[in-house]
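Read the structure below first, then the notes.
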Amino acid sequence: MRKVTSTNYQNQLYLEDKCALNELIHLLSKRWMTDVLFSIEEGNTRFSGIKEDLKHISDNILADRLRLLEHHRLISRHEDLGSGPLRVAYALTATGEALSELLDHLCQFAEGRMVFPD
């Protein structure tokens, strides 16, 4: 739980109210967020497949990132209630696909034009 009286919290609220892009950047800056989104885009639709793709992510963080992506309607969650254990699959929504395309362009820009110190 964040302390709502902290300066950092107040500053973040101000930036998010000023421009929706600030809120999006804050969301995407969470560790593993874009990696989870890209993993789903690449066809890893089940928790176990994403976990295998992103070897170092913890179960708790993966579950949290999936909830956040679903909450922001970037992915959808589908449950198969057939015989046997519950099977859950994830897929990008149209908004998630559009964001993923934009992020791909940003990756190309970063790789081709940016110089980062070693």
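Expressed to the nearest 0.5 Å, how far CD of Glu42 lies from CG of Asp35 amounts to 9.5 Å. Note that the CG atom of Leu92 and the CG atom of Leu37 stand 5.5 Å from one another [nearest 0.5 Å]. In this structure, Gln108 CD and Asp104 CG are separated by 4.5 Å, a value rounded to the nearest 0.5 Å.
More than 12 heavy atoms of other residues, nucleotides or ligands lie within 6.0 Å of CZ in Arg46, so this atom counts as buried by the packing criterion. Enclosure of atom CD in Glu52 is not indicated, since only 12 or fewer non-hydrogen atoms of other residues, nucleotides or ligands lie within 6.0 angstrom. Atom CD of Glu79 is surrounded by more than 12 heavy atoms from other residues, nucleotides or ligands within 6.0 Å.
Of the possible polar contacts, none joining the Ser39 side chain to the Asn44 backbone as a donor-acceptor pair under 3.5 Å is found. Under a 3.5 Å cut-off, the side chain of Thr93 and the backbone N or O of Leu74 do form a donor-acceptor pair. A donor-acceptor pair under 3.5 Å links the side-chain atoms of Ser29 to the main chain of His26, judged by distance alone.
Between Lys51 and Leu62, the closest side-chain pair of non-hydrogen atoms falls below 4.5 Å. Using a 4.5 Å heavy-atom cutoff, the side chains of Val36 and Ile75 are not in contact. Asp80 places none of its side-chain heavy atoms less than 4.5 Å from the side chain of Leu86.
The nearest pair of heavy atoms linking Tyr90 to Phe47 is CE1-N, 4.4 Å.
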